[in-house]
Amino acid sequence: MSAVEKNSPMRILPGNSPIWVVIMGSLVLSLVAQFFEPVLGRDSAFYVDNARAFVDEGAQSLLDRFSWPWFSAIIGMVHRLLGLSYEGSAYFLVFTLTAGTSACLVRCVQEIRPRAAWLAVLVVLTIPAFNEYRSALLREHGFWFFSAVTVLVMTRYQLRGGFYSVVGAVVSVLAASLFRLEALFMFAPICGVVLWEHRQKLKENHIKVLLLLGGVLLLGAVLLWSLDALGMSRAQRYLRYLDPAVFWHSIKGISDGFADSTLRFSSRELAPLIILSGFLVAILINVLTLMGAYLLPFIWSLFPGRRVEVFKGNVFGVIAALAYIAILLVFFVQSRFTLDRYTALVQVLLLPSLVVGVSLFREAFPKGARFVLVIAVLVGIGNVVSTSPKRTHFFVAAEWIRDHHIGLERTYFHDARIPYYSGLGYREEDVDSREALTSEMGRYDVFVIDLTADHSLVKEKLASGELELLAEFDNGHDRHMMILARPGRSQ
């Protein structure tokens, strides 16, 4: 133990105090993030509105709205149990899951490298991968929590063994799959760790280990195929993504377009390799960026002589992170898009190793580590304390819509959150504001749009008398909204 750690005032606290500190710290940061971001994101509003539909209309209505709706169902159940509002129930659930994720990851570090537990508290509370989404009501929070539980259980299995640890990991993966179905991929890393830990017994044809591995993999396969047989579109889409022929067809389509526009004829055969490499590099850069200020210590820790120390206590997390990066690559190629929150699971899986790397860096470069930690804290504060303009004019516009009894029928809303806050429910439009005022104008009588009065299309409609201005709203920071209607419409 270093002299700094021996003299630290935190040494007088009980051994489990890092867990309680990270839980309380996480809850405080989540509350602060929510205060600075009062308007829900589109996905958040969608999930909360689905929870209302689940309570009011039943499970079938929920399944009709979304192909994997269990997060919204859980929000609805919290609403019934605690009597909170739907948004309050969602925030309660998400804040609890986020605090649980933080606690599990700190506990992992306590198992692997006890003297780095307090460092783990700091890393968990400041890493951008988590803090960016503290106020967002997303399925990922449940996915991350149960994935963190799986990392913790498999860490204990690696240290102590035990059949029940594997069973606990399987149950955690099943729970994670309620939030994101792709969590089932973790069955493979679980089997990988069991194989590694029992590699000597396998040489002796240890039938029990083989039966356990076969059972875990069979469970995952049966679940996925059963969901497919039941017509669950989410499972069907994932199985299609995993089809090698479909994957190659997507790669070939992208690479042919790339080759036609960029490469000489003699280099066309390199196009698939270039495309795949580009997608993979983009994912890896995203993974590293989400480490924030901890990127430098992590890269330093990957050099020979330190790599084994960083990864040996988190074999499951490392295998699962590599497997998930491969899954992200498949998804990126097939869907042509990715998001930071999809990549953030890699940080959950690797965080114990990241903390060990930062700990080694701190021992080698105490002054440099202090600078890194200060930068990390500042970045962490910046992630939760948002100074960007808020869409508070959504609330004002929603109140105006309620007061003037404007309904969903023949009304265009440029943002689905406006009818949500108006009490009309979440509704996505299939056209943008410009199309609503031109080619699709016949479908609507009222137009809630994000164009300004200076826009040429708005000027044209007002000057011709086709539409009249009912109201305008803005938040004082270049975010604008206006409500137009056909003349003579009853209000």
Side-chain angles (χ1 to χ4, degrees), residues 5 10 14-26 96-127 129-131 140-162 164-173 175-176 183 186 189-190 192-194 196-197 287 290-291 294 297-298 301 306-324 344-362 376:
E5 288 166 327
M10 292 180 177
N16 64 347
S17 57
I19 303 296
W20 293 109
V21 170
V22 81
I23 288 173
M24 297 307 298
S26 178
T96 302
L97 290 170
T98 305
T101 302
S102 303
C104 287
L105 293 174
V106 170
R107 185 62 188 143
C108 280
V109 176
Q110 283 185 313
E111 295 275 357
I112 296 169
R113 192 178 180 85
R115 65 177 181 269
W118 285 105
L119 180 61
V121 172
L122 184 61
V123 173
V124 168
L125 294 180
T126 56
I127 192 167
F130 305 149
N131 280 336
E140 277 74 13
H141 292 287
F143 182 33
W144 296 337
F145 169 66
F146 286 107
S147 297
V149 172
T150 307
V151 173
L152 175 57
V153 172
M154 291 306 295
T155 297
R156 290 182 168 177
Y157 171 77
Q158 189 181 341
L159 295 172
R160 304 182 185 93
Y164 291 109
S165 292
V166 178
V167 173
V170 170
V171 173
S172 297
V173 170
M186 285 186 281
I190 289 172
V193 172
V194 174
W196 177 256
E197 293 298 317
V287 168
L290 289 176
M291 291 183 181
Y294 302 113
F298 182 73
S301 70
R306 299 180 285 269
R307 250 192 328 251
V308 174
E309 181 72 16
V310 169
F311 293 128
K312 69 179 182 180
N314 186 31
V315 174
F316 169 79
V318 174
I319 295 174
L322 293 173
Y324 188 63
L345 179 68
V346 178
Q347 312 300 331
V348 174
L349 299 170
L350 289 181
L351 193 126
S353 298
L354 174 62
V355 173
V356 173
V358 175
S359 178
L360 293 173
F361 183 83
R362 185 179 61 170

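Separating the CG atom in L119 from the OH atom in Y294 is a distance of 7.0 Å, to the nearest 0.5 Å. In this structure, F130 CZ and L351 CG are separated by 5.0 Å, a value rounded to the nearest 0.5 Å.
The side chain to side chain contact (heavy atoms under 4.5 Å, CB included) search around A183 returns F143, A176, S177, M186, not counting sequence neighbours. Not counting sequence neighbours, Q158 has no partner by the side-chain hydrogen bond (donor to acceptor under 3.5 Å, both in side chains) test. With sequence neighbours excluded, the residues satisfying side chain to side chain contact (heavy atoms under 4.5 Å, CB included) with S165 are V153, Y157. Remark: Y324 pairs with F185 by the ring pair (Phe, Tyr, Trp, His ring centres under 6.0 Å) rule, at least two apart or across chains. Every residue two or more places apart in sequence or in another chain was checked for a side-chain hydrogen bond (donor to acceptor under 3.5 Å, both in side chains) with S147, and none qualifies. Residues satisfying the side-chain hydrogen bond (donor to acceptor under 3.5 Å, both in side chains) criterion with T101, sequence neighbours excluded, are absent altogether. In terms of the side-chain hydrogen bond (donor to acceptor under 3.5 Å, both in side chains) criterion, S172 has no residue partners (sequence neighbours excluded).
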Self-check item: Candidate pair F145 and T96, rule side chain to side chain contact (heavy atoms under 4.5 Å, CB included), full reasoning
Solution: CA-CA 9 Å; F145 169 66; T96 302; over 6 Å; no
Quiz prompt | side chain to side chain contact (heavy atoms under 4.5 Å, CB included) between F298 and V358, worked out | solution = CA-CA 6 Å; F298 182 73; V358 175; 6.0 Å; no
Practice problem: Kindly determine whether L105 and V22 satisfy side chain to side chain contact (heavy atoms under 4.5 Å, CB included), including the steps that lead there. | Solution: CA-CA 10 Å; L105 293 174; V22 81; over 6 Å; no
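Of all non-hydrogen atoms in P352 and C108, the two that sit nearest each other are CG-CB, 3.8 Å. Residues R160 and E111 approach most closely at NH2-OE1, 2.8 Å, considering heavy atoms. Listed here is the closest heavy atom pair of R306 and S301: CB-O, 3.3 Å. In terms of heavy-atom proximity, T155 sits nearest to V151 at OG1-O, 2.7 Å. Here the closest heavy-atom approach between residue I19 and residue A103 is recorded as CD1-O, 3.6 Å.
For the side-chain contact (heavy atoms from CB on, under 4.5 Å) with V121, the lone residue among S26, S17, P18 that qualifies is P18.
Judged by distance alone, the side chain of S359 and the main-chain N or O of V355 form no donor-acceptor pair under 3.5 Å.
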Identify each donor-acceptor pair in which a side-chain atom of residues 308-323 lies under 3.5 Å from a protein atom, sequence neighbours left out, and give them as a table.
unit_1, atom_1, unit_2, atom_2, d
E309, OE1, K312, NZ, 3.4
E309, OE2, R113, NH1, 3.1
N314, OD1, G317, N, 3.3
N314, ND2, L349, O, 2.9
N314, ND2, S353, OG, 3.2

